[in-house]
2 protein chains.
Amino acid sequence: MDKRCERQKPKYQALKEYIIETIEQEGLKTGDKIWSENELAKKFMVSRHTVRQAIGELTNEGWLYKVHGKGTYVGERIDQKSSKIKTIGVMTTYLDDYIFPSIILGMDQVLSKAGYNLVLGCTYNHHDKERVCLENFIRSDIQGIIIEPTKSALPNPNLDLYRQIIDKGIPMFFIHGCYQELDCPYVVVDDTKAGYLATRYLIDLGHKSIGGIFKIDDIQGHYRFKGFQKALAEDGISLKDSNILWFDTDDIGEEFIKLDHKKFEVLIKSCSAIICYNDQVALKIVNAIKSMEMNIPDDISLVSFDDSQLAVVSEVKLTTVAHPQKKLGRLVAESLINKIDGREVKDKVKMEPELIVRDSAKEYE
Amino acid sequence: MDKRCERQKPKYQALKEYIIETIEQEGLKTGDKIWSENELAKKFMVSRHTVRQAIGELTNEGWLYKVHGKGTYVGERIDQKSSKIKTIGVMTTYLDDYIFPSIILGMDQVLSKAGYNLVLGCTYNHHDKERVCLENFIRSDIQGIIIEPTKSALPNPNLDLYRQIIDKGIPMFFIHGCYQELDCPYVVVDDTKAGYLATRYLIDLGHKSIGGIFKIDDIQGHYRFKGFQKALAEDGISLKDSNILWFDTDDIGEEFIKLDHKKFEVLIKSCSAIICYNDQVALKIVNAIKSMEMNIPDDISLVSFDDSQLAVVSEVKLTTVAHPQKKLGRLVAESLINKIDGREVKDKVKMEPELIVRDSAKEYE
DNA sequence: AATTATTTGTGCGTATGTATC
DNA sequence: AGATACATACGCACAAATAAT
């Protein structure tokens, strides 16, 4: 009975293809009626059952829809793949503080122009929160990821998830720093150079006794410290342990940083200038020094990092090493998009920091 | 032939339900074999055709898969809905500026705890960007939306998209204000009261000639102005047109606000106190007045709105009417989640503003 | 290596039910 | 009320894949 001598396609399959072709060639639109089952059966000399099988599958695939008693119609042929929104996941340590809004803004400018959505995740610099974010990203259907690492100077307990992302082939860029155990593309500021610039500036102003306050659990803190050391070493200035204060994430309160008061007082008394991990820290130091009835920059000079909004709004305008912020956000977003589209990109980018001279540091008399 | 006397379910439908029940009750797992078509047909006294229809649909729905020549098996029953990441879309006018990071932070705290992703969109207070964001949200698979309206005091050209969202049944909350043409749930600050509080405070300090700088294309500007008027009227203080300056989005530059210089000078000279639309404006006014070699609050008192970070960091600590920021973000996120989960929620919430007294306003002598 | 039984896949014919116009 | 269209249901025949004999 079956005349498919030479491994012909099944009849219903051929019919499906014919119907799809017709829809596309005739340019039939959503809601247009197609032939009835009986018409098709007669036309193709097949049974109505066969027609129903073809139409049934097309209905399931979204090409057609049927209305009982009326007929069969062309369905919404939304090209699901191409119309699907592309999404980039962005995970940072903080959201509201500081320079992050600007960085995210820069990313948004690029991503939204390129038709991407931006999914935000925030870790508050805690590993458990980081884990939740990563799990979300993995479960979501996203095209690329931008990560600002959490406690980047410490061993990371979420490397399994990062590896999973890499294995899945999802492009991922880091900013500010990268976990040493991973070999991922990144866009960072040259923090060692930034530390060097800040310190060199103070040395050139004549300061000989320079203290520093650095963050111990972020890799940026380590690099800035490294640049600080380098500049001192160049001029043969010895580095006293008591001139360095380290703090970590948990020391940051709403209004202050928990620093060992005695150590801080020693620092203040023995140094004519202090390098502060960032503008936020610098401002807290400004307040602390002010409450000790001393004055900046007359009694103590400060240089900080980031050039955030805080730096210019404050009472004492801060001399600070600028973070590119928006520019960095844009750059990393562009790099990621290029990577997604298969274009060649620089995998490791270091951006140049720049010293912005304002009022918080002056010559040592 | 058909014995469905009392509108029974179709046989294939009953069979489908039976198969699903069996899978669930027997705890059959992926890969377990079920009965053959013929077995089922005999068992239920139906034709094989009917069995095939039932199994065919279940296959399409992912319950089963078939292997030619071997049999029919239980498929991967990934509970697609529950395993899928839930997402909330958030659209604001700005990202980096000002109080928005705090608001978004508040939302993130609630949403991430409830297992939601947060998709960000930013309009830069322009309608065309707003349109793109809304289109993205509509095309994405989103469970709920939070909107800060763009140019909320002007007629909105994107109402068609908003209506589309409402028709789709996607829960949507507004913050700060809502388009008058839409009847949507919202969480706002009582801006009229905020305007009133600020003005009353100045009046109580003895000021009689009070000016105001307001934003004309955001509804918040209108409401704050309204409260301003109300307080003046209560004390029978007449309102001179020349004491009011209006600006709009396009007047905001990186470092300044374009204000008519002559009008501004008139304002400064004829008023002993000024109500500023927000802290950002206030700081620009502070700088302008400083450059005119005048002093705040000695020569002119300022009261502004929002109590942003700027208010406390600046040289002159601003007296300002506080915006709840994080709290508002949390509240609207909680409301939205409750709505999504079908719980009852307050549809229109007005939060109470609170005057924070600092140093930018003093008694009129 | 060939056969056979089982199972799903393709295809036809027929009849009746039910929604729409 | 009748024509048309899709929906449900039964029956049969043969093809093709699989597994066991």
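Lettering follows sequence order; numbering is per chain, from 1. Since this is a predicted model, take the numbers as computed values, not measurements.
- When distances run from any side-chain atom of A:E39 to the nucleotides D:dA5, D:dG11, C:dC12, the shortest one goes to D:dA5.
- Nearest nucleotide to the side chain of B:E37, out of C:dG11, C:dT8, D:dA9: C:dT8.
- Going from atom OH of A:Y12 over to atom P of C:dT8 covers 16 Å, rounded to whole Å.
- Residue-environment remark: CG (B:D183) stays at or below the threshold of 12 foreign heavy atoms within 6.0 Å.
- In terms of position along DNA chain C, the nucleotide closest to A:Q13 lies nearer the 5' end than the nucleotide closest to the other residue of the pair A:Q13 and A:R48.
- Atom NZ of B:K42 and atom C1' of D:dG11 are 17 Å apart (whole Å).
- Separating the CG atom of B:N38 from the C1' atom of C:dG9 is a distance of 13 Å, rounded to the nearest angstrom.
- Residue-to-nucleotide contacts include no donor-acceptor pair under 3.5 Å from the side chain of A:R52 to the base of C:dG11.
- Phosphate contact (OP1/OP2 of D:dC10, side-chain N/O of B:T50, threshold under 4.0 Å): present.
- Checked against the 6.0 Å centroid criterion, the rings of A:Y162 and A:F174 qualify as a close aromatic pair.
- For the pair B:H49 NE2 and D:dC14 P, the computed distance is 20 Å after rounding to whole Å.
- The number of heavy-atom neighbours closer than 6.0 Å to NZ of A:K113, taken from other residues, nucleotides and ligands shown, is 12 or below.
- A salt bridge links A:R131 to A:E135: one of the charged nitrogens lies within less than 4.0 Å of a carboxylate oxygen.
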Contacts under 3.5 Å, N or O only, protein and nucleotides 18-21 of chain D:
unit_1, atom_1, unit_2, atom_2, d
D:dA19, OP1, B:K70, NZ, 3.2

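- Rounded to whole Å, atom C1' of C:dT8 lies 12 Å from atom CD1 of B:I34.
- Between A:K16 and A:E61, at least one side-chain N (NZ, or NE/NH1/NH2) sits under 4.0 Å from a carboxylate O, which counts as a salt bridge.
- Here the P atom of nucleotide D:dT8 and the CD atom of B:E57 are 8 Å apart, to the nearest Å.
- The NZ-C1' distance, from B:K66 to C:dT7, rounds to 11 Å in whole Å.
- Applying the 6.0 Å contact sphere to CD of A:E17 captures more than 12 heavy atoms from other residues, nucleotides or ligands.
- At least one side-chain nitrogen or oxygen of A:T72 sits closer than 4.0 Å to the OP1 or OP2 atom of D:dC6.
- The main-chain N or O of B:K151 is never found under 3.5 Å from a side-chain atom of B:D217 such that the two would form a donor-acceptor pair.
- Contact annotation: A:Q53 reaches the phosphate of C:dT10 (side-chain N/O to OP1 or OP2, under 4.0 Å).
- Atom pair A:K11:NZ and D:dC14:C1' shows a separation of 13 Å (rounding to whole Å applied).
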